[in-house]
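For reference, the structure discussed in these notes is given below.
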There are 2 protein chains.
Amino acid sequence: MARATVQDVARTAGVSVGTVSRVLNGSPAVSESSKEKVTAAIRQLSYRPLASARDLRRDRTMRVLALAKNLDSLVISEVFRGVGDAAADSGYVSLIAATSGDLEREQQLVDMLRNGSVDGLILFSPTMADEDVEAVAEHLSVVQVCEIVDAEAAFGVSIDDRQAAYDITRHLVETGGRRLAMIGNKNARSGRLREEGFRQAVTEAGLSPDRMLFGEGSFGFHAGRSLARKLLEAEHLPDAVFCGTDIVAAGCVRELTDAGLRVPDDIAVAGFDDSAQAEMCVPELTTVRQPAYEMGRVAFTELLTRMTVPGAHRRGRTFLPHELVVRDSTKG
Amino acid sequence: MARATVQDVARTAGVSVGTVSRVLNGSPAVSESSKEKVTAAIRQLSYRPLASARDLRRDRTMRVLALAKNLDSLVISEVFRGVGDAAADSGYVSLIAATSGDLEREQQLVDMLRNGSVDGLILFSPTMADEDVEAVAEHLSVVQVCEIVDAEAAFGVSIDDRQAAYDITRHLVETGGRRLAMIGNKNARSGRLREEGFRQAVTEAGLSPDRMLFGEGSFGFHAGRSLARKLLEAEHLPDAVFCGTDIVAAGCVRELTDAGLRVPDDIAVAGFDDSAQAEMCVPELTTVRQPAYEMGRVAFTELLTRMTVPGAHRRGRTFLPHELVVRDSTKG
DNA sequence: CCCGTTTTTGGAATCGATTCCAAATAGCAA
DNA sequence: TTGCTATTTGGAATCGATTCCAAAAACGGG
């Protein structure tokens, strides 16, 4: 039982392929009677237009690709949920792929844009070098989310990471923090921006950073614990710690708590992202909320403009507002 | 600067389109000199074969689609990481799509298999009715992971949920549990199987279930808390609770702890999945480990067989071994 | 140097849906 | 009925890569 083609439908319905195609695409130039015959034939043969043939002729796929290293963070899955919903609203399908940080895989996936497998690309923390992102974005529709290359070669949607880190650090200062430490991650660009914001807030308060600890590679719960252990080894403990993500903050809180310290009384801890872990931690984490879902929606909208409006400028940046969420891990 | 075609490459290289195609596909019947000329022309024009034209002619895409409601669980992201790695090993690209539980979206995505956008489909907890899954799997390559329809219409890969729940419940009994409650989820089929396993273990121990609580809709941390609150309202507290997922167990532990109870001394709590939350919980959760990554790999391998071996039987089931992980939330 | 093999090449046909153009039909007024 | 416009239709051309077949070139042995 081979696949039915538009020819088969035409034959069964007793019309020409042109008419079948017109029915398929809702052209008004079809008589009511032919439309019925064609519809019946389509149902009878359970016919589906073959995607590759259609894409070839139309020169577009109505598909976009969203790329990330992993899917294990709630921020990513919320961003992509936003992308997916916005895409569906516009009749697009959004596909997601994870590269596992493998550069070759990532190249292969980006090639899906270059070879016309998809019409647009949304990049979340690419592995490739900035200039490669720029090169791809030069001629094709690419939008970055959250992690954005310095050069404004492509379009990007994110919060202002520097400002957000500044804000939450100021909160630590205003609630009595004097010896401020940070546990961060230099790998990601956003991590570096958060470090900048932290340093600026500390400096403006007339203080200087107590300890700056940076994790290599994986940056999760265990990294948070082991970096917090380093804090404990020091002679003078900091009285406030800003962590680059909630998960790390949760690990940090756990390690401090296990060592008999009270959070926030002995030491305040702040996270970043307002992920589910922020509420699951004891005490619940003070953190910065990223509007992840909304960022995804905006990213797709921007992408759509670039895909459909010919002269749309391909570079630039949209910042979405972040929000300080004060909970129990810092002094009220 | 329009896209270069195989014709352009042929012209530039001074050969025929046939030769270009042969170089592209590594056919041995090409002289060294033509190969070089073609390679040079390809680089010069930065040519990429158009996916839709290639797919149309070849009648396959080398792409598979992995479908799930959400991507917010670590089990899913691990399963899909396994699928992605196994696919890459075989030269396939695996794309992921989330349906947000929207039936129409799901239909549209499943149609990608029927209209040849992808060669195979991996289903994780579909929204559609069982018979629809069967109908699709009848003629096309479909493999289910984790959540598997009763009827053995399609192929499935999962752990033995009933047995796993049985095992962890037995553990609760063996560590002194006499009044056993369960917090579960009837929506998912795996949830019902886990309930069966729980009931069987309780019954075999000569006991009867204390309380059976089932969440509707969202089944996360807050659901765990609010269902645990119901436990607290009862006159006699259970001395052991089996929760359908770690997140729910974490919520449950939190609510009980906040109420001044000691876990596991006053009440033991067990989870399911061995997700990251199991280790982040205080006390760390006793749970059942699903070999999620491995399940993803196996699912793709099974799918590959179905896609490439013509007569491969399309139904059946592979169970992967689960593992009881005993931590501090139950008595040692 | 010629003939039979083997290797390499060119080019037309093909995949299936869309679209354009010309032709046919319908509809309407006079 | 005739003539004109408006609607509907058929069918060929097209998109770009692959593949098959026949032709051409290269090769080797005698």
Side-chain angles (χ1 to χ4, degrees), chain A residues 1-39 41-42 45-63 91 111-119, chain B residues 1-39 41-42 45-63 91 111-119:
Chain A
M1 193 194 72
R3 151 185 294 285
T5 73
V6 73
Q7 316 281 346
D8 301 326
V9 175
R11 202 174 315 119
T12 306
V15 298
S16 76
V17 292
T19 302
V20 175
S21 181
R22 278 182 282 262
V23 172
L24 242 29
N25 296 91
S27 156
V30 186
S31 70
E32 207 51 48
S33 78
S34 325
K35 195 183 299 190
E36 279 166 24
K37 283 189 289 183
V38 170
T39 312
I42 287 176
L45 301 173
S46 60
Y47 163 79
R48 311 264 160 184
L50 189 70
S52 53
R54 172 179 285 209
D55 293 348
L56 171 60
R57 194 52 231 255
R58 288 199 178 153
D59 197 28
R60 70 196 164 126
T61 63
M62 301 301 278
R63 275 176 255 141
D111 255 20
M112 288 185 61
L113 179 55
R114 308 176 71 164
N115 71 23
S117 293
V118 294
D119 298 338
Chain B
M1 193 191 75
R3 151 184 296 285
T5 73
V6 74
Q7 316 281 346
D8 301 325
V9 175
R11 203 174 315 118
T12 305
V15 299
S16 75
V17 292
T19 302
V20 174
S21 181
R22 277 181 283 261
V23 172
L24 243 29
N25 296 303
S27 155
V30 186
S31 70
E32 207 50 47
S33 77
S34 319
K35 195 182 299 188
E36 279 167 23
K37 282 189 288 184
V38 170
T39 311
I42 287 177
L45 302 173
S46 60
Y47 164 79
R48 313 262 160 185
L50 189 71
S52 53
R54 172 180 286 206
D55 293 346
L56 171 60
R57 195 51 231 256
R58 287 201 181 150
D59 197 30
R60 74 197 160 125
T61 64
M62 300 301 277
R63 275 176 254 140
D111 255 20
M112 289 185 60
L113 178 55
R114 308 176 70 166
N115 72 23
S117 293
V118 294
D119 298 338

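Values reported hereafter were calculated over all heavy atoms of this structure, with side chains retained and with hydrogens, waters and symmetry mates removed. Lettering follows sequence order; numbering is per chain, from 1.
- In this view, B:S52 and A:D55, A:L56, B:L50 satisfy the side chain to side chain contact (heavy atoms under 4.5 Å, CB included) rule, not counting sequence neighbours.
- Under the side chain to side chain contact (heavy atoms under 4.5 Å, CB included) criterion, B:V9 pairs with B:V20, B:V38, B:A41, B:I42, B:L45, B:Y47, not counting sequence neighbours.
- Tested against A:R60, the residues A:R57, A:R63, A:M62 include a single side-chain contact (heavy atoms from CB on, under 4.5 Å) partner, A:M62.
- Distance alone, capped at 3.5 Å, places no donor-acceptor pair between the B:S117 side chain and the B:L113 backbone.
- Put simply, the side chain of B:T12 gets close to the backbone of B:D8: a donor and an acceptor are under 3.5 Å apart.
- Contacts between residues 28-37 of chain A and DNA chain D, defined by a heavy-atom separation below 4.0 Å, involve A:P28, A:A29, A:V30, A:S31, A:S34, listed by number.
- Looking at B:D119, its side chain does come within 3.5 Å of a backbone N or O of B:T61 through a donor-acceptor pair.
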Carefully, step by step, assess B:K35 and B:R22 under the rule side-chain contact (heavy atoms from CB on, under 4.5 Å).
CA-CA 9 Å; B:K35 195 182 299 188; B:R22 277 181 283 261; over 6 Å; no
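- Put simply, the side chain of A:N115 never gets that close to the backbone of B:P49: no donor and acceptor are under 3.5 Å apart.
- Two residues, A:A53 and B:L24, neighbour DNA chain D, and the one matched to the more 5' nucleotide by heavy-atom proximity is A:A53.
- Between the side chains of A:S27 and A:N25, no donor N or O sits under 3.5 Å from an acceptor N or O.
- Applying a 4.0 Å cut-off to non-hydrogen atoms, the residues of residues 7-22 of chain A that approach DNA chain C are A:G18, A:S21, A:R22, listed by residue number.
- When the side-chain hydrogen bond (donor to acceptor under 3.5 Å, both in side chains) test is applied to A:D111, the partners found at least two apart in sequence or on another chain are B:R48.
- Chain B approaches DNA chain D within less than 4.0 angstrom (heavy atoms of the protein), and the contacting nucleotides run 5' to 3' from D:dG16 to D:dC20.
- Residue contacts shown for B:R60 are absent, as no nucleic acid heavy atom lies under 4.0 Å away.
- Contact annotation for B:D59: no contact, since no heavy-atom pair falls under 4.0 Å across all strands.
- Nucleic acid contact class of A:L50 (heavy atoms, under 4.0 Å, all strands): sugar-phosphate only.
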